[in-house]
*Asks:* 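My questions will all concern the structure given below.
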Amino acid sequence: MSDSGSKDNNQPTNVSVEAYQQATLAIRSGYQRSHEAEHSEAMFLTSSYVFDSAELAAKHFSNELNGNVYSRYTNPTVRAFEERLAVMEGGEQAVATSSGMAATLSVVMSLLQSGDHILCSKDVFGSTRVMLNNYIVKFGVQVSYVSLTDLDAWQQAIQPNTKMLFCETPSNPMSEVADLEALAAMSKKAGALFVVDNCFCTPALQRPLQWGADLVVHSATKYLDGQGRCLGGAVVGNSELIEKIVGFLRAAGPTMSPFNAWVFLKGLETLRIRMQAHSANAAELASWLNNHPKVTKVFYAGLEDHPGHGLAVKQQSDFGGVVSFAVSGGREQAWTVIDNTRMLSLTANLGDTKTTIVHPATTTHGRLSDEERQEAGIGQNLIRIAVGLEDIVDIKNDLQLGLDLI
Ligand SMILES: *Cc1c(COP(=O)(O)O)cnc(C)c1O
């Protein structure tokens with residue numbers, strides 16, 4: 001599938017981005033076949049690279065020549081993952097990181113400085129808040145939080161020194177949906193960068209750059225892997241911004257391992273069908289829970305009465321795999337349901353083939369104050385399910401074991 005139409009095995013397998021659909025690019029883009037003519041992408045587990053002469057080594061080190069020097073700088077397998085993800089997000093360039101948190105850290109460290117202000121949505125991943133509140137503020141960067149869906153609150157909280165708007169949509173665990181186009185416009189007007197954590201949807205369901213975001217951050221650990229094996233992250237955007245982040249990563253080192261990059265690269269090939277299957281299972285579970293006598297409310301943007309439904313229809317091609325619901329009663333009843341399932345995994349991770357169940361108020365969101373939790377709508381009777389790819393009949397039956405006891 002080279003541009004020339006040649007079937008010569010020594011041709012790169014790189015396909016032209018314009019000529020193919022996203023599903024094809026997820027499988028075919030970003031890879032240069034080696035001289036071994038392998039069909040599946042090769043993995044380059046090497047920390048450094050050799051040079052043919054002292055002169056060539058000197059030229060590589062002085063950047064007179066571009067080429068591999070050391071895997072903290074570049075690695076062919078990591079590059080393949082970066083190129084494929086960039087194409088899928090519709091961005092010019094991507095850079096891979098050692099984890100999702102390393103992606104957000106690298107964005108902040110490379111693009112902000114002392115005196116700048118970050119405006120962030122309240123319902124971001126727990127460690128994102130801990131990192132900003134406990135560490136980033138130590139370097140003189142201010143942070144404040146607003147409700148994801150309250151556009152007036154965003155506008156009012158913008159300060160003259162606001163340099164970054166950061167959000168995660170849909171939110172965890174309530175599936176609230178941000179208006180990406182409105183936030184991008186607001187950010188642009190304020191001269192700030194708009195950064196979106198696209199972990200829950202992945203580029204298979206949502207491409208924030210298309211709505212005006214400047215950067216997308218990913219925890220590849222979740223759906224990009226899809227089978228709960230590796231930690232990783234990435235940032236996608238225009239080359240000017242990404243090159244600045246690359247500079248930080250080269251110097252500071254939270255880069256992705258080539259082994260993990262290979263796992264994620266192959267994960268991208270099946271991402272679309274996995275996200276469709278996660279979404280189909282989640283939609284069926286949400287509607288079943290919605291009609292269940294022991295369930296008082298279901299939070300899933302795929303349900304028509306969810307406040308984010310309209311925006312989700314506009315921005316996303318499907319609604320993803322995370323469903324939260326409140327049971328009648330309080331913490332005791334929620335814990336009873338969780339403890340009496342037999343198959344579902346009690347773990348905070350998500351984006352796995354295995355369905356996971358968790359009690360947000362005492363785990364993922366346990367560090368919030370009661371007031372903050374109440375404001376976010378995270379009650380003691382709330383349960384979050386990250387729906388996997390098991391048969392939906394078995395997922396429902398397993399939950400029924402717990403629901404029967406309350
Ligand atoms: C897990 C997660 C992160 C952090 O990713 P790690 O790979 O665990 O560092 C960031 N954002 C969201 C939405 C996540 O779910």
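We use all heavy atoms of the structure for the numbers below, so side chains are in, but hydrogens, waters and symmetry mates are not. Every number for a ligand or one of its atoms is a count from 1 in the order of the listing.
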*Asks:* Under 3.5 Å, is there a donor-acceptor pair linking the side chains of D123 and Y145?
*Replies:* no

*Asks:* Taking only distance into account, with no hydrogens and no angle test, what donor-acceptor pairs under 3.5 Å do side-chain atoms of residues 387-406 form with protein atoms, sequence neighbours excluded?
*Replies:*
| from | atom 1 | to | atom 2 | distance (Å) |
| --- | --- | --- | --- | --- |
| E390 | OE1 | T355 | N | 3.3 |
| E390 | OE1 | T355 | OG1 | 2.5 |
| E390 | OE2 | T355 | N | 2.8 |
| D391 | OD1 | V393 | N | 2.9 |
| K396 | NZ | E284 | OE2 | 3.1 |
| N397 | ND2 | V393 | O | 3.4 |
| D398 | OD1 | R342 | N | 2.9 |
| D398 | OD1 | M343 | N | 3.0 |
| D398 | OD2 | R342 | N | 3.2 |
| D398 | OD2 | M343 | N | 2.7 |
| D398 | OD2 | L344 | N | 2.9 |
| Q400 | OE1 | H292 | NE2 | 3.1 |
| Q400 | NE2 | D404 | OD1 | 2.6 |

*Asks:* Give the protein residues with at least one non-hydrogen atom closer than 4.0 Å to an atom of ligand 1, ordered by chain and number.
*Replies:* S99, G100, M101, F125, E168, D197, C199, F200, S219, T221, K222, G232

*Asks:* Quick one: side-chain hydrogen bond (donor to acceptor under 3.5 Å, both in side chains) pairs with a partner in residues 165-175, sequence neighbours left out?
*Replies:* N172-R384

*Asks:* Which word best sums up how the rings of F51 and H60 line up, parallel for under 30°, tilted for 30 to 60°, or perpendicular for over 60°?
*Replies:* tilted

*Asks:* So does K244 have more than 12 non-hydrogen atoms from other groups sitting under 6.0 Å from NZ?
*Replies:* no

*Asks:* Any pair with a residue in residues 306-326 that passes side-chain hydrogen bond (donor to acceptor under 3.5 Å, both in side chains), sequence neighbours left out, goes on the list, sorted by first then second residue, please.
*Replies:* E181-K314

